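Below: one structure, written as structure tokens.
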Protein chains: 2
Amino acid sequence: MRESKDDRRVKYTKMVIKESFINLLEKKDLSRITVKEICEDADINRATFYSHYTDVYDLLRKIENELLENVNAQLSQLYEKGKKVNEVDLAERIFDYIKENAKLCRLLLSERGDISFQKKVMIIAYDKIINELTDNNKISREDAEYVYSFAITGCIGIVQKWFNDNMKKSPRFMAEMVIRLTLGLINISKQH
Amino acid sequence: MRESKDDRRVKYTKMVIKESFINLLEKKDLSRITVKEICEDADINRATFYSHYTDVYDLLRKIENELLENVNAQLSQLYEKGKKVNEVDLAERIFDYIKENAKLCRLLLSERGDISFQKKVMIIAYDKIINELTDNNKISREDAEYVYSFAITGCIGIVQKWFNDNMKKSPRFMAEMVIRLTLGLINISKQH
DNA sequence: AAATTTAATAGACACTGTGTTGACAAATCA
DNA sequence: TGATTTGTCAACACAGTGTCTATTAAATTT
């Protein structure tokens, strides 16, 4: 099973493929990006691309999964310390991460990215937050699911708005706002 | 300017192209759909396709625009009656329309569709609602924009959740929920 | 109903990108 | 070092694209 991920050649190849792809993605729409183009830009043979990825969408999916893993790692880091974790701190950590990886996140989380993936990001980020919040507050499961859907995609929208404002607001500000809005939604749902 | 949109042949051609495209879109991803495929399914010459649309994406964009126009028309209808319009009624009208055109809306508004378009739908739907709501309540424009972004994409999420539940909830239920959540968000923003 | 306009078709064109193959070369391991 | 993986490469047949011309058929106009 142990793939020779260590092989320097492979590492290099994958690296340049990703770099070239991301650079192209900044310039043009995903649907217009060809394998040929990526390989020319990366200066590798097309067959090499196919030995690593089945097509452009496969490549994108793998890049997305890496991002998901990274976000997960960010959150786990916080929890490992064993302390009781504040929701705003948790959210702030995510916004920090997004800001640090702005180039890639802009591409994957913007209006041009795909929602399924964006929801995944928000769900892992939200998961811990929401569980903590709802364990105490009793809301009907069914209604709650609609409110969650609203909140999760709402989050996507607010992150996109943040991008469009060139991330002028601080991660802390964003974190506080998102948590405030989420808490608010949960309260509304409790009222009925 | 007046294009011969009246010609029966053109009408028929455009109709079968759209039908075939939508049927294909139900089966496979947009990126995998070819002009050739559409034309074979529609039993139309490929050159005929190119005389109406530049490519598959152009076709999609035109279908999306038609939907936008229809939603707009729905809302205008309500306003024409001159009466004072209730926000929930307005929202309900949208949900009714979505339900009536479920086949297409599922494709365009689902996780697989593109967010830019979905935001456009929500914005025209929300526009009138939000203006009425915020004229009375004073929120800082800047903060408000973030809350709007949250609410607009939140709406997309709740519609998708509705689809995933096979639209079991009534349009009225959905309308009430969306308005309640939106009003709630605005109130939270007023508190600070 | 005939004349005129306009759309759709068949088929061919060069072109671009795809996915695969078998030979070669470079990195890894003993 | 020499043997063995395993990544890389150039060349291939093939799909779909977008455009064009001559021809047919259907609509609109007179």
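Please read all numbers here as calculations on a predicted model, not as lab measurements.
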Open item on the list: Could you work out, with side-chain hydrogen bond (donor to acceptor under 3.5 Å, both in side chains) as the rule, every residue matching A:Ser31, not counting sequence neighbours?
Closed with: A:Asp29

Measuring from atom [atom1] of [X] to atom [atom2] of [Y], what distance do you get when rounded to the nearest 0.5 angstrom?
X        : Y        : atom1 : atom2 : answer
B:Thr182 : B:Ile152 : OG1   : CD1   : 9.5 Å
B:Lys62  : B:Lys14  : NZ    : NZ    : 6.5 Å
B:Ser116 : B:Glu64  : OG    : CD    : 9.0 Å
A:His52  : A:Thr13  : NE2   : OG1   : 4.5 Å
B:Leu30  : B:Tyr57  : CG    : OH    : 4.5 Å
B:Gln118 : B:Leu108 : CD    : CG    : 8.5 Å

Open item on the list: Looking at B:Arg46 and D:dG18, is any side-chain donor or acceptor paired with a base atom of the opposite kind under 3.5 Å?
Closed with: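 Counting by modelled atom types and ignoring angles, a donor-acceptor contact under 3.5 Å is found here.
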
Task: Nearest-Å distance for atom pair NZ/C1', residues B:Lys11 and C:dT6 - done: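 To the nearest whole Å, that distance equals 16 Å.
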
For nucleotides 20-26 of chain D, list the nitrogen or oxygen atoms of the protein found under 3.5 Å from its nitrogen or oxygen atoms, one pair per line.
| from | atom 1 | to | atom 2 | distance (Å) |
| --- | --- | --- | --- | --- |
| D:dA26 | N3 | B:Arg9 | NH1 | 3.4 |

Open item on the list: With heavy-atom distances below 4.5 Å as the criterion, would you say the side chains of B:Leu75 and B:Asp127 are in contact?
Closed with: no

Open item on the list: In dot-bracket form, 5' to 3', how is DNA chain C paired? Count Watson-Crick and G-U wobble pairs only if both distances fall under 3.5 Å, and write | where the partner sits on another strand.
Closed with: ||||||||||||.||.||||||||||||||

TODO: Answer yes if the ring centres of B:Phe49 and B:Tyr53 are under 6.0 angstrom apart, and no otherwise.
DONE: yes

Open item on the list: Using a 4.0 Å cut-off on heavy atoms, which residues in residues 48-65 of chain A reach DNA chain C? List them by number, or say none.
Closed with: A:Tyr50

Task: Residues B:Leu60, B:Phe21; criterion side chain to side chain contact (heavy atoms under 4.5 Å, CB included); working and verdict - done: CA-CA 9 Å; B:Leu60 175 63; B:Phe21 174 62; 4.0 Å; yes

Task: Syn/anti state for D:dA25 [syn: chi within 90° of 0] - done: anti

- [ ] Scan side-chain atoms only and decide if B:Lys103 and B:Asn23 contain a donor-acceptor pair under the 3.5 Å cut-off.
- [x] yes

- [ ] Determine the sole option in B:Asn166, B:Asp165, B:Val159 for which the side chain to side chain contact (heavy atoms under 4.5 Å, CB included) test with B:Phe163 is passed.
- [x] B:Val159

TODO: Residues of residues 21-40 of chain A with any non-hydrogen atom less than 4.0 angstrom from an atom of DNA chain D: list those, numerically ordered, please.
DONE: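 Listed by number, there are none.
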
Expected list for residues 168-175 of chain B: side-chain donor-acceptor pairs under 3.5 angstrom, two or more places apart:
| from | atom 1 | to | atom 2 | distance (Å) |
| --- | --- | --- | --- | --- |
| B:Lys169 | NZ | A:Glu142 | OE2 | 3.1 |
| B:Ser170 | OG | B:Arg172 | N | 3.4 |
| B:Ser170 | OG | B:Phe173 | N | 3.0 |
| B:Arg172 | NH1 | B:Asp89 | OD1 | 2.8 |
| B:Arg172 | NH1 | B:Glu92 | OE1 | 2.6 |

